Each structure stands twice: as structure tokens, then as C-alpha cells.
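Below you'll find the structure, written out as C-alpha cells, and then a few comments.
These numbers were taken from a predicted model, which means no experiment stands behind them.
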Amino acid sequence: MTFKYNAFSIPVITTDFSSDNENLEYNKAFEKLFLTNREVFSKSKKTFSESINKMINSSLFHWNGILYQVNKIEEDEKTNSYIITPSENSVALSFLWLKHDLINILNPIIGFSDILTESEEIPEDDAQLIEKIRSNSQKFYEQVQKIAALQALTLNDSESSSGKYLMSDFLLELNNKLRVEKSIEEDIQLNVVDNGHVSDRISNPDFRFAFEEHFAFLNNHQTKPSIKMKMHAKDDCLIVESIFEDCLLSSRQVEDLKNVELYISENKAIQRLQSDPLNYLLLGELLAQINGYCELSEDKETVSFKMCFPLLETLKHEAEMIEIIESTNNKSVNPFDFPPQILEELQKLCSGFHGFMILDDWEDLTSKMASLNKKHNDTNLEQLIKDINMAILAFDVEKLKSIFKNCQLIFNTKNDKNVTV
């Protein structure tokens, strides 16, 4: 028997029955994964050969928490090879299942610490500790979102958006959001040489989150709060280049970010993946899904961050500087106008609802709202239910916070806590 799979990095085993006895040969990958402890492999007093055959005669088998798929190759009448790969049905995707529970546990911590940080009666030392809890909880939440988003990439690939989104609108929205959140102190100086429509995949929460996070990361390392952006077309792509002057990134930070780019463009392995490069990886992979890319360069203390978006439609116009107008009306408003009877019933229904972004609580609330609306058929209530459900499905906690804040006529925390529905 000639074994020809030694160079394979995935486990392969070959069985040969050309002689009276069965011969087995396997490569290093198989040995490393399955045979580091033969006693464990052949437990229940089965012989080594029997254990091997039980494995390869199954199309799917479980080993150390992972399901493996077995693909058979017939070499000749008496020789077969078996290539073993992790199954798509493996618990390797279990983090996606756990994400919901992790966020349910984490969001009340963030919610309570948010409230406590606004209190003026807490001693300074305690306030600093509470702020640390709030900050670390928020960072943990963001890491959970990024890891889950990366694991979900292959699941969402077939559902990629196919619509169009005007790039200048996206950048204006970015400016306004960062201004509202006080992530930037001055409006972005946006120089539009060319404009056009790109994939509306950029409107999805995961892309916005990754882009805004990376943008804020670079901005936080500036000594001067000034950002210049230029948008121009090149080779059927729309290039968005952001210039961060006096941006003090360490050589280690630049190296980590460049390693992410090499991982995507040249398949170079990443040795270390921490918070900021993890987010950059997510952004790069999302851009790669629409055949775009991102690139970071550094010249002394100036950092240039470039993103390329394939153009779906070009808009012909004269070059211009877009004056970004900040629309930051912080006044709490109710976007839904409900008749008095429905409003009263909604207030009773939501009595005591704290809005601490526990997804199960929100899901239960929308179920009750849907039951209430069966007798009213109110279009505004139907839209509110739809908005909440979409935020739940997208794990968009910021959207839920916005709904809770803008609908204070419904989510009135001063309602009688003893009201029952």
C-alpha cells in the first residue's frame, strides 16, 4: 500500500485489505488529533482496529466536543482512504447560541451601572468603581458582538444585501452619530470628488458597528480633534479615505492592524488578536464580502485609513465640500401617535418595564403588544412591534435604548408598579 496523504494538514487514514490482515496507515494530522492517547481512543476494551473502523464507517461522528464528517475515497477494490473534516453541524458555532444568554446577563449590569454613574449622591471613590464596572461591561459586550459577528459571516454570506446605498448619506449619518455620542468634537471635513451607490450591506448593524468602532479608535489616538475625509472614484470603486493627523499609534498597534490586512489579502496567519485588531478583522471581512477592502498607512504621526467599495452606480456632479449639518435634537419625543385608549392600555402593559435591554423581556413584551393589537389593528403599534423585533433579531441594543427613550409616554417608569394585565 502506498500512502500519499502525509503532507495533508487534515486527518486522513487509509485501510488496505489486499493481504490477509488489515493494514492501517494515517498521516500526522490524524495522529495528532485522535491518537495522542490510544487508551482513550480504544476505550470499552475495543481493539485499536475496531475503534478505527467504527469511526470511518460512520459518515458523522463525535470527538472531544466536535462533530466530524468522514468522506470516503476508493483507491482500488481493497483500499480505501477517509478524509476527516469538522462538520458544519458541530458545536463550533455554539458561541452564536450562547450570545443571547450572555447579552441577557450583561445588559442589566450595563443598565444599572449607567444609572448609578448619573447619580450625584454616590461618593467619588464609589463612582469611579461603578464607572470601571460600566466601562468593562461595555467592552465585554462589544467583544461578544464582534466574535459572534465573525462566526456568523459564513451563515449570512448567502443572504448578503443586494440593494444600493448612497455613500455620502452613510458618511453624513456617521458624522451625526459620532457627534451625538461626543466621540468627535468637530464635524468631519468631507471632500466629495465623486459620489455613488454601493452595496446596502453597509447599512447592516454589524458593518456600522465595526466601522464606527474603528473610526472612534483612530480618533481617540489623535491629539487634535480634526478629521478629514475624501471620497473619489477609481477603477469602478468608490474610495473613502480618512486622514487622522497627529494620530499617535504605537508600532505594535500598527503591526497588529497590518497583520489583519495580510491575513485577508495574503492568507497570513495572525499570531495575536486582541480588541482593536479583532474589530478591524471584522470590518475587513465584511468589506471582503462585497469585494471591497480596507487599508491603513502611517507617515510619521499622520494615519490614513482607506476603504474601497465597489460602485453599483456613479453619480455625476461637480466636486464639492459637503457642509455637514448636525441634527442633534436631544429632546425626548414620541414618534408614534396612539389613540388615548390604546395609549392607556400600553402604559398598563409596560408598567414596571425597566428597559435594561434583557432581550427575553423585550421579546415577551412584543408578544403581549401583539396580543393587545389583535383587537385594535393599530398601524403605529404594529410598526413599533416590528421595530422592536428587528432590533432583537439584530441584537441591536442601541436601537432598543432609542425606542425606550423615545417612547416614554408608553415606557413610563413612574407608572403604578402594582397594575396587572
ask   = Are D194 and K230 within salt-bridge range, i.e. N to O under 4.0 Å?
value = no
Show me the donor-acceptor pairs, under 3.5 Å and distance only, between side chains in residues 233-245 and residues at least two apart or in other chains.
residue: E241; atom: OE2; partner: S304; partner atom: OG; Å: 2.7
residue: E245; atom: OE2; partner: K228; partner atom: NZ; Å: 3.4

key: F211 and F207 aromatic ring geometry - parallel, tilted or perpendicular at 30°/60° bounds   = parallel
ask   = Hey, is E295 close enough to K258 for a salt bridge, meaning N to O under 4.0 Å?
value = no
key: For N27, all residues meeting side chain to side chain donor-acceptor pair (under 3.5 Å), sequence neighbours excluded   = none
message = My understanding is that only residues two or more places apart in sequence, or in another chain, count here; which of them pass side chain to side chain donor-acceptor pair (under 3.5 Å) with E255?
response = none
query = Should E345 and K348 count as an ion pair when the cut-off is N to O under 4.0 Å?
reply = no
message = With heavy-atom distances below 4.5 Å as the criterion, would you say the side chains of E285 and I264 are in contact?
response = yes
ask   = E261 and Y293: side-chain donor and acceptor closer than 3.5 Å?
value = no
ask   = Is N373 reaching over with its side chain to a backbone N or O of H376, donor-acceptor style, under 3.5 angstrom?
value = no
request  = Give the intermediate values and the outcome of side-chain hydrogen bond (donor to acceptor under 3.5 Å, both in side chains) for residues N175 and D187.
outcome  = CA-CA 7 Å; N175 177 84; D187 286 327; 3.2 Å; yes
Within residues 212-221 or reaching into it, pairs that qualify as salt bridge (charged side-chain N to carboxylate O under 4.0 Å, His left out) - sequence neighbours excluded = K146-E213, K177-E212
key: Pairing residues for D361 by the side-chain contact (heavy atoms from CB on, under 4.5 Å) criterion, not counting sequence neighbours   = F353, H354, I358
task = For T15 and N80, test the side chains for any donor-to-acceptor distance below 3.5 angstrom and give the result as yes or no.
result = no
inquiry  = Are S58 and V70 packed together at the side-chain level, in the sense that at least one heavy-atom pair is separated by less than 4.5 angstrom?
reply    = no
request  = Could you pull out all residues at least two apart from T379 that satisfy side-chain contact (heavy atoms from CB on, under 4.5 Å)?
outcome  = none
ask   = Do F8 and Y26 have their ring centres less than 6.0 Å from each other?
value = no
